[in-house]
2 protein chains.
Amino acid sequence: MKQIRPTESELEILGILWEKGPSTVREVHDILSQTKDAGYTTTLKLMQIMHEKELLQRDTSSKTHVYTAAISQQTTQQQLLNKMIDTVFGGSASQLVMQALGQHKSSEEELDKIRQYLSDMEKQQKKNR
Amino acid sequence: MKQIRPTESELEILGILWEKGPSTVREVHDILSQTKDAGYTTTLKLMQIMHEKELLQRDTSSKTHVYTAAISQQTTQQQLLNKMIDTVFGGSASQLVMQALGQHKSSEEELDKIRQYLSDMEKQQKKNR
DNA sequence: TGGCATTTACGAAAACTATCGTACATTTGA
DNA sequence: TCAAATGTACGATAGTTTTCGTAAATGCCA
């Protein structure tokens with residue numbers, strides 16, 4: 001599998017694009033600058049570099065270019081998770097899961113989704129026996 | 001809260017120290033070099049810098065210094081998780097949990113632990129109602 | 001049309017990270 | 001005792017990431 005390694009800043013931009021879909025530099029920058037202190041050209045440059053690295057696609061048909069994430073959120077999530085489980089959680093996925101549930105106060109609705117998910121996994125497993 | 005931002009390499013070293021407890025540079029380096037290709041002085045330098053940054057403590061009473069992680073595994077896990085949930089999982093902890101359970105083939109034992117954990121949370125919640 | 005605002009392009013500096021060579025100190029055991 | 005082995009200190013360099021200034025292109029509208 002091709003290992004992608006977006007930097008911290010690049011992940012922030014990807015996160016915005018995953019959430020909002022195709023966007024201009026201006027749109028991304030406006031969101032980014034709510035939590036971060038950097039000039040417009042900085043965001044622009046980052047996104048241009050990300051395009052070179054093929055982390056982003058862009059549509060240049062109009063003057064104001066429109067960027068889209070070129071790597072999937074799922075794949076990226078999986079790779080980051082795996083690395084994190086290995087280095088920070090001593091290889092234990094359940095450790096990570098419990099830590100995540102523990103603090104980041106999940107709503108009752110979210111917890112239900114997870115229970116549902118677990119029981120589905122269980123069924124699946126019995127079937128394959 | 002003080003935001004700590006260990007780099008990738010620093011996390012690898014912290015991971016080793018969390019697992020093995022107080023260790024010398026040599027011990028850390030021997031483990032590190034199983035999966036990574038870098039010279040001894042590189043590891044040394046990294047750990048010295050980490051000491052300056054107060055990521056590690058060290059005991060210099062004997063010639064061979066002994067290093068200890070100065071930040072807790074739990075705190076570090078929590079901070080990295082929170083950031084990851086925000087930037088990569090659109091703020092949804094349950095999304096992260098399901099993704100983690102999905103692929104990183106958890107053992108049946110691990111899944112049981114998590115079910116147990118969830119049902120404990122449930123009880124706790126009823127009690128507080 | 002002409003000028004202002006917005007955008008892209010580009011280069012370069014600044015900051016940070018990782019790597020290693022070399023010098024010096026300490027320990028050990030032949 | 002002294003040479004080899006092992007360890008720390010330190011500086012330099014290469015590589016990467018982040019930042020921004022400036023110039024050129026484009027579109028808009030008074």
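Protein chains get the first letters and strands the later ones, always in sequence-line order, with residue 1 at the start of each. Here the structure is a predicted model, which is why all the values come from computation and not from measurement.
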How many angstroms lie between atom [atom1] of [X] and atom [atom2] of [Y], to the nearest 0.5 angstrom?
{"X": "B:Q79", "Y": "B:R5", "atom1": "CD", "atom2": "CZ", "value": "11.0 Å"}
{"X": "A:L81", "Y": "B:F89", "atom1": "CG", "atom2": "CZ", "value": "4.0 Å"}
{"X": "A:L101", "Y": "B:L96", "atom1": "CG", "atom2": "CG", "value": "9.0 Å"}
{"X": "B:L32", "Y": "B:E27", "atom1": "CG", "atom2": "CD", "value": "13.0 Å"}

Donor-acceptor pair, A:S23 side chain versus A:G21 backbone, under 3.5 Å?
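Answer holds: yes.
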
Backbone N/O of A:V88 and side chain of B:Q73: donor-acceptor pair under 3.5 Å
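Here the side-chain-to-backbone pair exists.
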
Within the 4.0 Å limit for protein heavy atoms, which parts of nucleotides 23-30 of chain D are touched? Write it as a string from 5' to 3', B for base, S for sugar-phosphate only, - for none.
--BBS---

Using whole Å, what does the distance between atom [atom2] of nucleotide [N] and atom [atom1] of [X] come to?
{"X": "B:L32", "N": "C:dC20", "atom1": "CG", "atom2": "P", "value": "12 Å"}
{"X": "B:H29", "N": "D:dG7", "atom1": "NE2", "atom2": "P", "value": "10 Å"}
{"X": "B:H65", "N": "C:dT26", "atom1": "NE2", "atom2": "C1'", "value": "11 Å"}
{"X": "B:L56", "N": "D:dT8", "atom1": "CG", "atom2": "P", "value": "13 Å"}
{"X": "A:R58", "N": "C:dT7", "atom1": "CZ", "atom2": "P", "value": "15 Å"}
{"X": "B:E8", "N": "C:dC16", "atom1": "CD", "atom2": "P", "value": "18 Å"}

Please check if the number of heavy atoms outside B:K36 that lie under 6.0 Å from its NZ is greater than 12.
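Counting other residues, nucleotides and ligands, NZ of B:K36 exceeds 12 neighbours.
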
B:D120 vs B:Q116, test: side chain to side chain donor-acceptor pair (under 3.5 Å). Steps then yes/no.
CA-CA 6 Å; B:D120 285 353; B:Q116 183 62 45; 3.3 Å; yes

May I ask you to list the residues of residues 43-52 of chain A, by number, that have any heavy atom positioned under 4.0 Å from an atom of DNA chain C?
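Those residues are A:L44, A:K45, A:Q48.
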
Would you classify [X] as touching base, sugar-phosphate or nothing, given that sugar-phosphate means primed atoms plus P, OP1 and OP2, and contacts are heavy atoms under 4.0 Å?
{"X": "B:T42", "result": "base"}
{"X": "A:T7", "result": "sugar-phosphate"}
{"X": "B:R5", "result": "nothing"}

Test: B:R115 and B:D112 ion pair at under 4.0 Å
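Yes, B:R115 and B:D112 are salt-bridged.
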
Name the closest nucleotide to the A:K36 side chain, picking from C:dT8, D:dT19, C:dC20.
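Among the listed nucleotides, the one closest to the side chain of A:K36 is D:dT19.
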
